Structure formats: C-alpha cells, structure tokens
Amino acid sequence: MRIATFNVNGVNGRLALLLDWLGEAQPDVVCLQELKAPQEKFPQQAIAKAGYGAIWQGQSRWNGVAILAKGRDPVETRRRLPGEEEDEQARYIEAAVDGVLIGCLYAPNGNPIGTAKFDYKLGWLERLIDHAGELRDVDCPVVLAGDYNVIPEDKDAYKPERWLDDALFQPEPRALYRRLLGQGWTDAVRHLHPDETIFTFWDYWRNAFARNAGIRIDHFLLNAQALARLEAAGVDKDARARQGASDHAPVWLDLANG
DNA sequence: ATGTCAGGTCATACCTGA
C-alpha cells in the first residue's frame, strides 16, 4: 500500500496538477492539506473520475484537509482533534483504509513568533500529542501524515540560521515534535534515510527550489505495527518542479500488505 | 531586507496567511 501526503496549496487552483500527479503516481491513499476551499467547493467529481473516493473537511480561504483512497471510500473515524470542538480551523481528518488507520493533519504555521498564532500552534500540537497517545496503541497500523510545520533537526533545513526567528524552527514546537516521537512514533522518512538531506518544502522566493534551499516539514509518523510493515519512503521532487506547482512536494511511503 | 503564491473582497487593487 502506497500512502502519500501532499500539501497541495489550493486544491482547485492546482487541480490539473493534482490529477496529473494522481494519474502518474497512483498512490493508494493520499492525505491532502491546504485545500483552501470551502466544504462545498471540494472537487469531488474530478477526484472520483480519477478513481478516488474522498472525505474532506473544507474551510473558506485557508486550511482544509482530505483523505483520498483509490477505488474505495475512506471510512471516516473523526474530522477534528478531541478538545477542539469549538475550533473552526480545518486541520485534522482521520479514516481507516484497508485495515490501516490514517490521520491527516495540517499543523498551524505559527508565525510570527510571540503572537497568538504561535501560542495556537503550541496548543494545537499539545492536542495532537494527546490524541496520538490514544492512537498509538490501537491494534492496527497507524500512520499520522501531514504538514507538521516543524523542522525537526538542523539537517532538515538548507540553512538553519535563516530559520532561527521562524516558528517552524523554534525550540518549543521542536520539543513537542520530539515528545510525539517519544510516545513511540517513528519518523518514517528519517528512519529509512538517516543521513540524507531531504526537503519537502521550498518557498516561492529567491529561486529556492532551483537552489534546493528547502526544509523538511511534511512527515509520516508510524506506530509499531505500521513500522513493522514499512518498506520504502521518499519525496516526489518532480512534482515540485512543475510550472505552477505547490510549494510542497508529495511525500510517500510503502507498507507491506498485511 | 528581499521576495511569490492563493483566495477573497464594501473587487478589477489590495488584504491575509503562508
């Protein structure tokens, strides 16, 4: 089973690119973030025509998450984190597909630091940790995939010093990410490629992609049962190279059949 | 300090979030 996570940065604005990529990559499951579309404007028909069932949580202008499954409908298990019933921001959706439980998340960016946005980021990650603590011991493979908006280590940034004042690189969110790992989750891409320079995001400024001036912020966290089935993982950099691409590349992993 | 996207609007130029 190939699972991909892709911050698409506008599911309608980049629909043609998304459909091309789906057709070529043929992932079995896709977690999408930054739909930037209200619930009723999710392009369900086009995605169904491409062969994918979908569940999604939309929001006007910002955020928005979806889970696609090839040839079947994801079985929804929740569409927001516990403890955020009053939170309007569409940042989490979860479903079972073929015996694997998949959480699709879009953590807050949190910039600028020292503002309510940064505090919201920390609180959101705390809620994610609480929920992940419940999911870790579910008796099936569990995959938490998405845009964590956290640069885990110095080697996950092209030039770490350039990110010192950025919310994605602050000690607090990085410590929360480590706390998550400490619960018993494994960062799949880093696990398989411990010493490689791997980026998943390159900003639109300063020719960042051509210079490979990127950061690694899109992650797959696996519980023990998912880790036992992990075969391969990587970044589909070609998708980022296209005209009109998202600023993120899709990240993927393969799980052995259970 | 700079720079580039998308989506939305008291819209056809400017705002926010990233």
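Protein chains get the first letters and strands the later ones, always in sequence-line order, with residue 1 at the start of each. Worth saying up front: this structure is predicted, and the values here are computed from it rather than measured.
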Between B/dG3 and B/dG8, how far is it from one C1' atom to the other, in whole Å?
-> 22 Å

Its 5'-most and 3'-most nucleotides having an atom under 4.0 Å from a non-hydrogen atom of chain A, DNA chain B is contacted over B/dT2 to B/dA18

How would you label the contact of A/Arg91 with the nucleic acid (heavy atoms, under 4.0 Å): base, sugar-phosphate, or nothing? sugar-phosphate

What pairs of donor and acceptor atoms, side-chain ones from residues 129-143 of chain A against any protein atom, are under 3.5 angstrom apart with sequence neighbours left out?
from, atom 1, to, atom 2, distance (Å)
A/His131, NE2, A/Glu94, OE1, 2.8
A/Arg136, NH1, A/Gln183, O, 2.6
A/Asp139, OD1, A/Gln225, NE2, 2.8

Residues joined to A/Tyr204 in its hydrophobic cluster, side chain to side chain under 4.5 Å directly or through other members, sorted by chain and number, are A/Trp205

Which pairs would a plain distance check flag for residues 100-107 of chain A, meaning a side-chain donor or acceptor within less than 3.5 Å of a matching protein atom at least two apart in sequence or in another chain?
from, atom 1, to, atom 2, distance (Å)
A/Tyr106, OH, A/Glu34, OE2, 3.3

Whichever of A/Gly13 and A/Gln89 has the more 5' nearest nucleotide on DNA chain B, that residue is A/Gly13

Sorted by chain and residue number, the side-chain contact (heavy atoms from CB on, under 4.5 Å) partners of A/Asp154 (sequence neighbours excluded) come out as A/Pro160, A/Phe169, A/Arg174

Check: When you compare B/dT12 with B/dG17, how far apart are their C1' atoms, in angstrom units rounded to a whole number?
Finding: 22 Å

Check whether any side-chain N or O of A/Asp254 sits under 3.5 Å from a backbone N or O of A/Ala232 as a donor-acceptor pair, and report yes or no. no

Contacts of A/Asp166 meeting side-chain contact (heavy atoms from CB on, under 4.5 Å) (sequence neighbours excluded), chain-then-number -> A/Asn111, A/Trp163, A/Leu168

Spacing of the P atoms in B/dT2 and B/dA6 (rounded, Å): 22 Å

Contacts satisfying ring-ring contact (aromatic ring centres under 6.0 Å, His included) that involve residues 218-244 of chain A (not counting sequence neighbours) are A/Tyr148-A/His219, A/Tyr177-A/His219

Within residues 59-68 of chain A, those residues having any heavy atom closer than 4.0 Å to DNA chain B are A/Ser60, A/Arg61, A/Trp62

_Spacing of the P atoms in B/dA1 and B/dC5 (rounded, Å)_ = 22 Å

In numerical order, the residues of residues 104-114 of chain A whose heavy atoms come under 4.0 Å of DNA chain B are A/Tyr106, A/Asn109

Is a salt bridge present between A/Asp195 and A/Arg190, judged by a nitrogen-to-oxygen distance below 4.0 Å?
no

Judged by nearest nucleotide, the residue sitting upstream toward the 5' end of DNA chain B, A/Asp147 or A/Trp205, is A/Trp205

Hits for side-chain contact (heavy atoms from CB on, under 4.5 Å) against A/Gln170, two or more places apart or cross-chain, chain-then-number order -> A/Ile113, A/Phe118, A/Glu172, A/Pro173

Using a 3.5 Å cut-off and no angle test, enumerate the donor-acceptor pairs between side-chain atoms of residues 16-25 of chain A and protein atoms at least two apart in sequence or in another chain.
from, atom 1, to, atom 2, distance (Å)
A/Trp21, NE1, A/Asp236, OD2, 2.8
A/Glu24, OE1, A/Arg242, NH2, 2.6

Contacts of A/Ser246 meeting side chain to side chain donor-acceptor pair (under 3.5 Å) (sequence neighbours excluded), chain-then-number -> none

